*Asks:* 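First the structure, which I've put down as structure tokens, then a few questions once you've had a look.
Since this is a predicted model, take the numbers as computed values, not measurements.
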Amino acid sequence: MASRYCDNRGKREWWSVHVEAWQRSGLSQIKYCKVHGLERGTFARWLNVLTEAKMVKLRVERLALDRKRDRNKKGES
């Protein structure tokens, strides 16, 4: 999937809604896609794109918290 395609805000939001709904549904990916008329391969690619983006965001937030904690420790010394 081309990077520009994944950067499309509308598509990203649309697929985010489906990924979140699938996670809450308890259905398999195959069943969820069948019920909602989605292509399983496209769903899987967006799941990977969105999961990776979420992991990167969490890593950045964790690094920021670690840096803040380290600065606070240095200030206490």
*Asks:* Out of curiosity, Phe43 CZ to Asn48 CG, how far, rounded to the nearest 0.5 Å?
*Replies:*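 Interatomic distance, Phe43 CZ to Asn48 CG, rounded to 0.5 Å: 10.0 Å.
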*Asks:* Could you tabulate the donor-acceptor pairs under 3.5 Å formed by side-chain atoms of residues 27-36, not counting sequence neighbours?
*Replies:*
unit_1, atom_1, unit_2, atom_2, d
Ser28, OG, Lys31, N, 3.0
Gln29, OE1, Arg40, NH1, 3.3
Gln29, OE1, Arg40, NH2, 3.3
Tyr32, OH, His18, ND1, 2.8

*Asks:* Show which side-chain atoms of residues 55-67 pair as donor or acceptor with protein atoms under 3.5 Å away, not counting sequence neighbours.
*Replies:*
unit_1, atom_1, unit_2, atom_2, d
Asp66, OD1, Arg69, NH1, 3.3

*Asks:* List the residues meeting side chain to side chain donor-acceptor pair (under 3.5 Å) with Arg9, not counting sequence neighbours, and say none if there are none.
*Replies:* Glu13
*Asks:* Report the C-alpha distance between Leu38 and Trp15 in whole Å, list the side-chain angles of each, state the deciding distance to 0.1 Å, and finish with yes or no for side-chain contact (heavy atoms from CB on, under 4.5 Å).
*Replies:* CA-CA 10 Å; Leu38 305 173; Trp15 282 103; 4.1 Å; yes
*Asks:* What's the spacing between Gln23 CD and Leu47 CG if we round to 0.5 Å?
*Replies:*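 It is 7.0 Å, given to the nearest 0.5 Å.
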